[in-house]
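As the structure lists them, so they are numbered: ligands from 1, and atoms in each ligand from 1.
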Amino acid sequence: MSNTIITIDGPVGSGKSTIGRLLAKRLGFVYLDTGAMYRVIALEARESGIDAADEAALAALCHEIKISFKQSEDQQLVFSSGRDVTGAIRTPEISMLASSISAVKSVRNALVALQREIGAHGGVVVDGRDAGTVIFPQARFKFYLDASVEIRAQRRYKEFIEKKINIDYNNLFLDIQKRDYDDSNRTIAPLKPAPGAVIIDTSSMTREDVLKAISLHIDLAKQPSLP
Ligand code: DC
């Protein structure tokens, strides 16, 4: 198992980051949050006044910035060239910008190369939109989590409220709908289940239910087949 790659793809709010982090912890694997990488580039581009359509400047940014992660007790901290940007990359504005710049070819090329480097030796749970289709199509286990847009918006809303961040529910709902559409309809690496992925609708499942379903699938595949 130690060199195994597990991919978890799905739309915003499907539960993939929470599940990915907990599954990685349970297995002693590295958790790779590829969405956070697009968010870091979006944040840095915004702060440097780089336009979301400026391919060359965005590519240069991807090579200049060093993205790193650190696991704390209950979350994964994200750093941009040593600066803690864990909170700054989660605002609604950066979410939308990350979705826009993730459609830029030079950004995808740079980040996918980095993601493959990080996961090259396996022992990794990769969370994203194209983890099973593009980054690691050879992954041993591929999952695709989904849920209704209403449930996903409610989950995100609850997260913001718990962090005491004031947010308008209707705007959040519309942002999620737009991101779903954009992420699924872009030309390069659109969001879709990888061939052979196990698709789980998490709408009426608890976090524990989803973890159990995924763990069961992995455990069954590890068992020797019957004669
Ligand atoms: O998973 P997330 O919400 O943190 O991702 C932010 C955006 O980044 C998302 O709207 C689409 C993009 N993304 C991507 O294109 N490919 C990935 N592997 C991960 C995220």
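Checked by atom type, the side-chain pair Thr18/Arg155 shows no donor-acceptor distance below 3.5 Å. Between the side chains of Arg186 and Ser102, at least one donor N or O sits under 3.5 Å from an acceptor N or O. No hydrogens or angles considered: nothing links the side chains of Arg152 and Ser14 as a donor-acceptor pair under 3.5 Å. For the residue pair Gln75 / Thr86, no side-chain donor-acceptor distance below 3.5 Å is found, with atom types taken as modelled.
If you number the atoms of ligand 1 from 1 as listed, the ones under 4.0 Å from a heavy atom of Gly128 come out as 18 (N), 19 (C). Close approach to Ser99 involves these atoms of ligand 1, each under 4.0 Å from a residue heavy atom: 10 (O). Within the listing of ligand 1, atoms 1 (O) sit less than 4.0 angstrom from a heavy atom of Lys16. Shown in contact with Arg90 at under 4.0 Å from a heavy atom are these atoms of ligand 1, numbered in order with element: 4 (O). In the vicinity of Thr34, heavy-atom distances shorter than 4.0 Å reach the ligand 1 atoms 17 (C), 18 (N), 19 (C). Taking a cut-off of under 4.0 Å to the non-hydrogen atoms of Asp130, the atoms of ligand 1 that pass are 16 (N), 17 (C), 18 (N).
What sits closest to atom 11 (C) of ligand 1 on the protein, heavy atoms only, is Asp183 OD2, 3.4 Å. Atom 16 (N) of ligand 1 has Arg108 NH2, 3.0 Å as its closest protein atom, hydrogens excluded (heavy atom only). Taking atom 4 (O) of ligand 1 as the reference point, the nearest protein heavy-atom neighbour is Arg39 NE, 2.7 Å. For atom 20 (C) of ligand 1, the closest heavy atom belonging to the protein is Gly35 CA, 3.5 Å. Residue, atom and distance of the protein heavy atom nearest to atom 7 (C) of ligand 1 are Arg179 NH1, 3.8 Å. Closest protein heavy atom to atom 8 (O) of ligand 1: Tyr38 CB, 3.6 Å. In terms of protein heavy atoms, atom 17 (C) of ligand 1 is closest to Arg129 N, 3.4 Å.
Ion pairing of Arg90 with Glu159 is absent here, as no side-chain N (NZ or NE/NH1/NH2) approaches a carboxylate O to less than 4.0 Å.
The OG1 atom of Thr202 lies 11.0 Å from the OH atom of Tyr144; values are rounded to the nearest 0.5 Å. Between the CG atom in Asp209 and the CD1 atom in Ile214 there is a gap of 11.5 Å [rounded to 0.5 Å]. Taking CD from Glu93 and CG from Asp175, the interatomic distance works out to 10.5 Å, rounded to the nearest 0.5 Å.
The salt bridge (Lys or Arg N to Asp or Glu O under 4.0 Å) contacts involving residues 122-135 comprise Lys16-Asp127, Arg108-Asp130, Arg129-Asp183, where partners must be two or more places apart or lie in separate chains.
Ligand 1 has no N or O atom lying under 3.5 Å from any N or O atom of Asp127, backbone or side chain. Not one N or O of Arg156 is nearer than 3.5 Å to an N or O of ligand 1, by distance alone. Where the criterion is an N or O separation shorter than 3.5 Å, residue side chain and backbone included, Arg186 meets it with respect to ligand 1.
Taking the six-membered ring where tryptophan is involved, the planes of Phe141 and Phe143 are essentially parallel, since the angle between them stays under 30° and well short of 60°.
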### Task
Let me see the working for Thr34 and Ile135 under side chain to side chain contact (heavy atoms under 4.5 Å, CB included), right down to the final yes or no.
CA-CA 10 Å; Thr34 61; Ile135 314 172; 4.0 Å; yes
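Using a 4.0 Å cut-off between heavy atoms, Met96 makes no contact with ligand 1 at all.
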